[in-house]
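Working notes for the structure below.
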Amino acid sequence: MLKVENLSKEFTMHIRGGKKIVTLSDISFQVRKGEFLGITGPSGIGKSSLLKCIYRTYLPSGGNIWYLSGEGEMVNLATVDDHKILELRRSEIGYVAQFLHVIPRVSALEVVSSALITQGVEPKAREERAKELFRRLGIPASLWEMYPSSFSGGEKQRLNIIRGLISKPRLLLLDEPTASLDPVSKREVISLIQELKKEGTTMIGVFHDYETLMKLADTQLDINLKKCKEVCV
Amino acid sequence: MNNLLAKTKGTFQYNFAFIDEGSKREIRRKILKAIAIPGHQVPFASRELPIARGWGTGGLQITMSIIGPDDVLKVIDQGCDGSVNAVSLRNLLVKTTGVRTTFDSREATIIQTRHRIPEIPLKEGQILVYQVPLPEPLRRVEPRETETRRMHGESEYSPLWVSLYEDIVKWQAVSIGASYPCRVNEHYIMAPSPIPKYDINKLNMAENLNLFGAGREKRIYAVPPYTKVEPLQFSDKPFTIEDFSGLSCRRCGARNTFLDEIYDEETGEKYYVCSDTGNCDLLRQKNQEELRDEHDCA
Amino acid sequence: MIAHKREPVLSVRGLSKMYGKGCPSCQTLTGPEFNNNVCPVCSSILALHDISFDLYEGEILGIVGESGSGKSSLVQCLYFDQDATSGEVYLAHYNEGKDNVLNIPASKKRYLRNHLMGMVYQNPVLGLKLNISSGGNIAEKLLAADLYIYEEIRERGKKLLEKTEIPMYYMDEIPKKLSGGMQQRVQIAKALANNPPLLLLDEVTTGLDVSVQARVLDLIKALQQELQISMIVVSHDLGVIRLLTNRTLVLKNGRLVEVGLTDQIMEDPQHAYSQLLVHSML
């Protein structure tokens, strides 16, 4: 479903005199439908950058990212225009960032349920679904109407995951979803992801800890300084 | 030309109807243009007259430009044939043209008026000439001439409508008494000179030609015969006219005419008389004839 | 390129706005490279030069840039407050997007302004008549769209003011008596009066204090989510852009230097100026 060919990313820092930083070079791999690809590698090697390139938060410098959309269209996420990306983000590609970018003055319930607006889900159903996930990940009802900016790190992280999962995207990009979670919530998150996977969501995840990776990933991609290996788990 | 000059008694040194023929022709051209574009204000070169601007020079110039020796003239001011202004304007026109005058609106071919339309509906062939002080209906919402012209051009009348809206919010009714803005021929909005609301409906599909002249503002506009004229109104707040129910004219007893409110100088008592004196006289005459008939019968 | 099923609501092609006569060197001697939009030869000002972009349905497009970059000129040209010098603008809701609306007659432009667009200015004086009540200001827009039923105008006015969180007792008050934040709300209500498919916001929160600014932004965001209206948001404040928009244009000296997804512009700006802009964020 997703085929990355010779992907590279370098940053040109114009305000630092045109200094270039190479983050990714010549990465190739593919992910089949319904597969979970785990990405591993040392810190700073560009694992998150890879996800951001796929999500187009970063503009890839070279290579192709072929994605077969739900409508059977072959789209190159590296070069297709912004409108198409926005359309895909709305309907089929989800992203759970490492940190929650808190939207000010919006309640937790709204943050989560608003992800369903573009899919045309009724407000009532949106709320129900959000509450169900809140309960599963142990976010107390007293927090539902609060602003996430006042949440603890773990709570924010869980909220972030719920937000990414609620719309059940076709392709979900997970950037360290279980970091900084207590063991109980971690277990719940893992089982949630597993459920979603059963429903057919294709996922690419970046993980630090090997244990979680082993539980979730079907395939492992190890990014090392210059090479990348695809290993079967 | 010579025989025209010959007809002007005493003041033969002036051209017929005072204004020179070249100027009259220019004004007639502007009148034709105004008739061709109902409700549109046509600028014209307003001439100097032996009366001051603001005293009816617009109407007077139109009358002078269209009048011929065979016309029958009636001049009224607020419906009255005998008020000082009406008399003075009539005298000027008679002195420079020698035409026949009348108080009976049915007889007149040209009626120059200030602020009223005669009670008896006018017929085809009659021309009603209005003296207009402020020809621009949008002036109350927009002081700039360049802007009001643009607004007419683009049919941007919403600011005027808003002023009606605001009136209803504040006073529960539109507070414009005279010169109520009207849409002519479903296009331009026009200020029908300060005629009362009572007279507005007479303009709609009128058989006569209506010519409006603003001398100081240098504008001519027209409502040709059989032209739609609609006062601006919200569909759920219909346009209303002055209400004289229960009142009648003290002179002729009419109950269905536009009445002037007058205080008796000696007693301070309030009473009403017809604003259209020509019509009032006719009604009085008719009443007396009826009385006489009754008397004769008896 | 992959064919899209959706057509843009608004297409802008090669839009330019010049103040002055212009000369052959105008285009070559101005722009971000020269950090200048005034022609050194003829002193003409190139407020905008060759701007092209598309806006899709439900999309919120941000326009950022420093003062004098042409941000406001751009929306003012789109709203016909200013006449563009050259270029083409197509609106999907006007004659199926076949006509370049820069060339249509003034009366048609007025129709577009009243039916297909809403504009909210930084300065309420431009968007509102301060001596006419808030309700009257909204009524003007409805009347311009030929709604001549008094009670319905009142009703729609009430609903709009409710939506923009203005207390009902302000409906018949003149905006002069309202605070800056309230005036912006009235402006927004007025802009939305005829349910336009396109809303233009020109620095709407600039000059408001932070808490008021936040409430106005929340309102815009909520309205967008409710109505799924396409918007162009002009702001020099990247925070506002990040909060509201999906895509962003970066303008500099009247030229379009970068266009991209808002998160991409924020995290991976390509052009030197965009990088400077993003890194200048507090």
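Just so it is clear: chains get the letters A, B, ... in the order the sequence lines come, proteins before strands, and each one is counted from 1. No hydrogens, no waters, no symmetry mates; every other heavy atom, side chains included, goes into these values.
Between B/S235 and C/I149, the shortest heavy-atom contact is OG-CG1, 3.1 Å. Nearest approach of B/V162 to C/L143, heavy atoms of both residues: N-CD1, 3.7 Å. What you find for B/S155 and C/R110 is that their closest heavy atoms are O-NH2, 3.4 Å.
Within a 6.0 Å sphere centred on NZ of B/K33, other residues, nucleotides and ligands contribute 12 heavy atoms or fewer. Enclosure of atom NZ in C/K108 is not indicated, since only 12 or fewer non-hydrogen atoms of other residues, nucleotides or ligands lie within 6.0 angstrom. Within 6.0 Å of CD on C/E226 lie more than 12 heavy atoms contributed by other residues, nucleotides or ligands. For CZ of B/R25, the number of neighbouring non-hydrogen atoms (other residues, nucleotides, ligands) closer than 6.0 Å is 12 at most.
The part of B/E166 that comes within reach of chain C is its side chain, from C-beta onward, which places non-hydrogen atoms under 4.5 angstrom from that chain. With a 4.5 Å cut-off on non-hydrogen atoms, C/K129 touches chain B through its side chain but not through its backbone.
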Could you give me the CA-CA distance, side-chain angles and deciding distance for B/V169 and C/R154, then say whether side-chain contact (heavy atoms from CB on, under 4.5 Å) is met? CA-CA 9 Å; B/V169 169; C/R154 290 293 285 177; 3.3 Å; yes
Between C/S133 and B/Y165, does a side-chain contact (heavy atoms from CB on, under 4.5 Å) hold up when you go through it step by step? CA-CA 10 Å; C/S133 68; B/Y165 163 93; 4.3 Å; yes
With side-chain contact (heavy atoms from CB on, under 4.5 Å) as the criterion, how do C/E151 and B/F234 come out once you've worked through the C-alpha distance, each side chain's angles and the decisive distance to 0.1 Å? CA-CA 9 Å; C/E151 287 304 333; B/F234 290 100; over 6 Å; no
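Once rounded to the nearest 0.5 Å, the distance linking CD1 of C/I153 with CG of B/D236 reads 8.0 Å. The line from CG of C/D146 to OH of B/Y157 is 12.5 Å long, rounded to the nearest 0.5 Å. Here the CD-CZ distance, from B/E156 to C/R113, works out to 7.5 Å after rounding to the nearest 0.5 Å. Between the OH atom of C/Y148 and the OG atom of B/S158 there is a distance of 8.0 Å, given to the nearest 0.5 Å.
Of the residues considered (B/K170, B/E154, B/K237, B/R150), B/E154 shows the highest number of contacts with chain C, using heavy-atom pairs under 4.5 Å.
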